[in-house]
Amino acid sequence: MSISSNYDARTVENKWYDYWMEHNFFHSTPNEKEPYTIVIPPPNVTGVLHMGHMLNNTIQDVLIRRARLKGFNACWVPGTDHASIATEAKVVAKLKSEGINKPDLTREEFLKHAWDWTDKHGGIILEQLKKLGCSCDWERTKFTLDDDMSASVVKSFVDLYNKGLIYRGYRMVNWDPEAQTTLSDEEVIFEEQQGKLYYIKYKIEDSKDTLTIATTRPETILGDTAICINPNDERFVHLKGKKAIVPIANRIIPIIEDEYVDMEFGTGCLKVTPAHDENDKTLGDKHNLEIVDILNPDGSLNSFGLHYEGKDRFVVRKEIAKELEEKGHLLKIEDYLNKIGTSERTKAVIEPRLSDQWFLKMEDLAKPAIKAVLETEEVKLFPKKFENTYRHWMENIRDWNISRQLWWGQQIPAFYFGDGKDDFVVAETKEEALTPAQKKSENPQLMLSDLQQDPDALDTWFSSWLWPMSVFDGIRNPENKEFQYYYPTNDLVTGPDILFFWVARMIIAGYEYTGKRPFENVFLTGLVRDKQRRKMSKSLGNSPDALGLIDKYSADGVRVGLLLSASAGNDLLFDEQLCNQGKGFANKIWNAFRLIKGWEVKDLEQPNYAATAIEWYDAKLQSTLIEIEDHFSKYRISDALMATYKLVWDDFCSWLLEMAKPAYGQPIDKKTYEAVINALENNLKLLHPFMPFLTEELWQNLAKRSPEEALIVSQWPEQRAANTALVSEFEFASEVISGIRNIRKEKNISFKDTINLSVMNAENFTNEFDSIIVKLCHIETLSYVTDKVDGALSFRVKSNEYFIPMAGAINIEEELEKLKEELKYTEGFLKSVQGKLANERFVSNAPEAVVASEKSKEADAKAKIKMLKESILGLKH
RNA sequence: GGGUCAUUAACUCAGUUGGUUCAGAGUGUCACGUCGACAACGUGGAAGUCACUGGUUCGAAUCCAGUAUGACCCACCA
């Protein structure tokens, strides 16, 4: 038989994914087993896989596959998000490229286009996740705009409204002039930008006096309705009670007084534009100022902009500065660095704008969610440092603007029957709205056709905050069997960038609707960056093509590469090189398999070395299992992988296989063979969550297996007490082996030549490993001696001394030098230990165990010094 | 402006409540080795005043204070 020395992942990966699907291994239904549930952070329905998705979905798959192996009923619910603003923007742009303007379409026509777009591009990302090996329960795939999901959202809106938590208010909101919708505070990203501060001179009515204000947005003077000064500012006493004239507009506005004005900043005079600034709005309300809104929804000026009407705000800014200058109103312009709010999605500069919107009161809702994370720890964040961020946001939470001037999303279930401020009712459907509307309007003749539904849609996050519940229909039908079984879910894996958008709100919704946490553990992955620490982004072009990587390095290789760099809680610097390491690892395992498969098995006596090797490996596996378990419990996925990596590469391949393998061309005994196969199978189980494809391939190649015996549904190795004594004895033996290898290296003794070894066993070390030492170091005879061997190369492990007789090869000077070095070091070490022990405060204050260990160090060092001195004397003679 | 976190080998990171033989890993690098699973390999080596300055302690990478640098979060200063 011949097996290629290169592992061919491509055909293998497709084959096993199909096999798993065919046998329905990803599908879960409630049963008597304990559930382990993850709901996917739903990616944008029309998005494509990027590195961030690859990372967090690989982690989820690792967790799910491990849980499956550990005997849980593992259920990973996949799905996509309708991403209202992002998707609507894409559809609008696409229509525009076809010469269609959104305002020319009816809602129904537009939605038809949007659904066409979604059907065409939707779900591509889910197909890509399959290539990555994700074992999602595809039968449960959900979309946030599915009928049942939307019904849940509408139901919760009505419910929260009836509880008095949702209200409609005329407020200052964040306006995105490009998408022409409002945004929640969280969707506004502040960016530092180099701007200018314009100093503008205003005339005072019936006076020759002037005053100067400073502003970064000179176009807004057209919306000024007052000038504000600090009442304590002595510089402006003469202005009190006077009126100022707005340049260009020549409107007369009052000069008001308020301590809000910072006398130190700018000129000490503040222009008040209540329509375009939140603070000014507050001032305006306080002083009953007029509100002059100068902007159209698209960011151009309206009729209050006078001759600038129809021009964009940024164009006007330049032109009005020029006009002010020409008319002598502009004193100076300074460079000024300030923070500008921009839209998270469209990047457009946000305008504060007054409008009627829907809000959700957050303060009381947040309380149980604060408690769960910070007090009871019912919900745990990993890494823990995010608890501070969470606390800060939650304790300063503001009401959530949930309405969007978009069509793509759940339409707000509010129905208007008149033009008055309160002429509406909230109900799940228009039909249900009718009776209450008739009552409220005191008009029993009111008909369905008289009701107008609010045109706005809900914020996407107002649907995804229900996700862990709504995917199991827990909002509409909380008593259903599935919801009762799968909820609360176990782990949530997502990025810290949506901690507020999504995670915190899910916790809030979970407690509000079920009184329970939505999940127990939140693992916040780092952001994927490139080697220069830059964020991966489309515009920088530094984000590798996900599928291209899989094609190049195999899905297993990419998974390993990503996880190797994903240390807990840190951003990860992605380096393609690591995927290559993953690919190399797969090849290493493949070749170990090849070696084993190539052995001829016979009914032979098991050699001593093999028996010992196998016993040791079993102990090593057990101690590693404990270590892996610990890493997983702390979500240190990369450490768990590294522990597995070392177990397989170093302990299994480099040690066990070298120890157990028969001489070239010789057969192997059955007992050893079976034990090695068993060891390999255990390794495959540990590796499976990280490298599902390769491991299933080898598993199925090792034996003929029925579908029920597939690796994906096998059992995680049983954990027993580890024989730690054996593990540490082996470490001693491995030091002996290294010592011998070192000497071979230094003296250029080829591995093909046999050598002899004499041991002066001062440590009384077990001879259990002798047969292994003989085998791995190609030793002719191993003997124990009580006296030093003359004319031999030597090395020491603790106070044991090892001799390799080598006529003519000994350089006395060199050997002496080596011994002296070791002596010098050991003496220095002894001195420091004795120093500690001579310190009475140490002896009396330090714990007993620490003192005892120092004493044994002292004894060891003394023994070694004695031995070294004897050796030096021996050589000198 | 407020806050959080970081700073350990060339790179990426571990280092649990201060205390086992002079601080560990992976990668990279260097030397040697192509033979018998694998050169995507094997064996071995080099490489760190634990950012800096003080302090607490018998003992500090670990605790405290300050400084520097960086990252992130929050915030309405015109």
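Quick caveat, the model's predicted, so the values are computed rather than measured.
With rounding to the nearest 0.5 angstrom, the CG atom of A/Asp556 is 9.5 Å from the CG atom of A/Leu687. With rounding to the nearest 0.5 Å, the separation of CD in A/Glu387 from CG in A/Leu374 is 6.0 Å. Here the straight-line distance linking atom CD1 of A/Ile213 with atom SG of A/Cys269 works out to 8.5 Å at 0.5 Å rounding. A/Thr215 OG1 to A/Asp277 CG: the interatomic distance, rounded to the nearest 0.5 Å, is 9.0 Å.
Remark: side-chain polar atoms of A/Glu827 are not paired, donor with acceptor, to backbone N or O of A/Lys824 under 3.5 angstrom. Looking only at distances, a side-chain donor or acceptor of A/Arg744 sits under 3.5 Å from a matching main-chain atom of A/Ser750.
A/Gln194 CD: more than 12 foreign heavy atoms inside a 6.0 Å radius.
When rounded to the nearest whole Å, the span between CG of A/Leu578 and C1' of B/C13 equals 12 Å. Rounded to whole Å, atom C1' of B/U27 lies 14 Å from atom CG of A/Leu641. As rounded to whole Å, 13 Å separates atom C1' of B/G24 from atom CE of A/Met642. The distance from atom CZ of A/Arg741 to atom C1' of B/A31 is 17 Å, rounded to the nearest whole Å. Rounded to an integer number of Å, the gap from CZ of A/Phe632 to P of B/U16 is 21 Å. Spacing between atom NZ of A/Lys864 and atom C1' of B/C22 amounts to 13 Å, rounded to whole angstrom units. Per the geometry, NZ belonging to A/Lys634 stands 12 Å off C1' belonging to B/A14, to the nearest Å. Put simply, CD1 on A/Ile637 is 17 Å from C1' on B/G26, counting in whole angstrom units.
No side-chain donor from either of A/Lys866 and A/Ser799 sits under 3.5 Å from a side-chain acceptor of the other. In this model, no donor atom of one side chain and acceptor atom of the other lie less than 3.5 Å apart for A/Ser738 and A/Glu735.
Residue contacts shown for A/Ser738 are limited to sugar-phosphate atoms, with no base heavy atom under 4.0 Å away. Using a 4.0 Å heavy-atom distance criterion, A/Glu854 is classed as a sugar-phosphate-only contact. Note on A/Pro847: a base of the nucleic acid sits closer than 4.0 angstrom, heavy atoms only. Among the heavy atoms of the strands lying under 4.0 Å from A/Asn839 are primed sugar atoms or P, OP1, OP2 only; no base atom is included.
One P atom belongs to B/G18, the other to B/C72, and the distance between them is 32 Å to the nearest Å. Rounded to a whole angstrom, the distance from the P atom of B/U8 to that of B/A61 is 15 Å. If you take atom P in B/G54 and the same atom in B/G70, they sit 24 Å apart, rounded to whole Å. Taking the P atom of each, B/A60 and B/G44 are spaced 35 Å apart, rounded to whole Å. B/G15 and B/C77 have their C1' atoms separated by 45 Å, with the value rounded to a whole Å.
Nearest-nucleotide mapping onto RNA chain B: of A/Ser856 and A/Gln581, the residue sitting toward the 5' end is A/Ser856.
Of the candidate nucleotides B/G26, B/U43, B/G45, B/U43 has the atom nearest to the side chain of A/Lys745.
Using a 30° and 60° split on the angle between ring planes, A/Phe265 and A/Tyr336 fall in the perpendicular class, above 60°. Below 30°, between 30° and 60°, or above 60°: for A/Phe829 and A/Tyr825 the angle between ring planes is below 30°, a parallel geometry. The aromatic rings of A/Trp599 and A/Tyr673 sit perpendicular to each other, their planes meeting at more than 60°, with 30° as the lower class boundary.
For a distance-only test at 3.5 Å, the side chain of A/Lys385 fails to qualify as a donor-acceptor partner of the base of B/U4.
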Go along nucleotides 69-78 of chain B 5' to 3' and tag each nucleotide: B for a protein heavy atom under 4.0 Å from its base, S when only backbone or sugar atoms are that close, - otherwise. ---SSSBBBB
Letter per nucleotide, 5' to 3', of nucleotides 35-40 of chain B [B base touched, S only sugar-phosphate touched, - untouched; heavy atoms, 4.0 Å]: -BBB-B
Dot-bracket assigned to RNA chain B with the 3.5 Å Watson-Crick/G-U criterion, [ ] for crossing and | for other-strand pairs, is (((((((..((((.....[....)))).(((((.......))))).....(((((..]....))))))))))))....
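Looking at A/Leu868 and A/Lys864, their side chains come closer than 4.5 Å, going by heavy atoms from C-beta outward.
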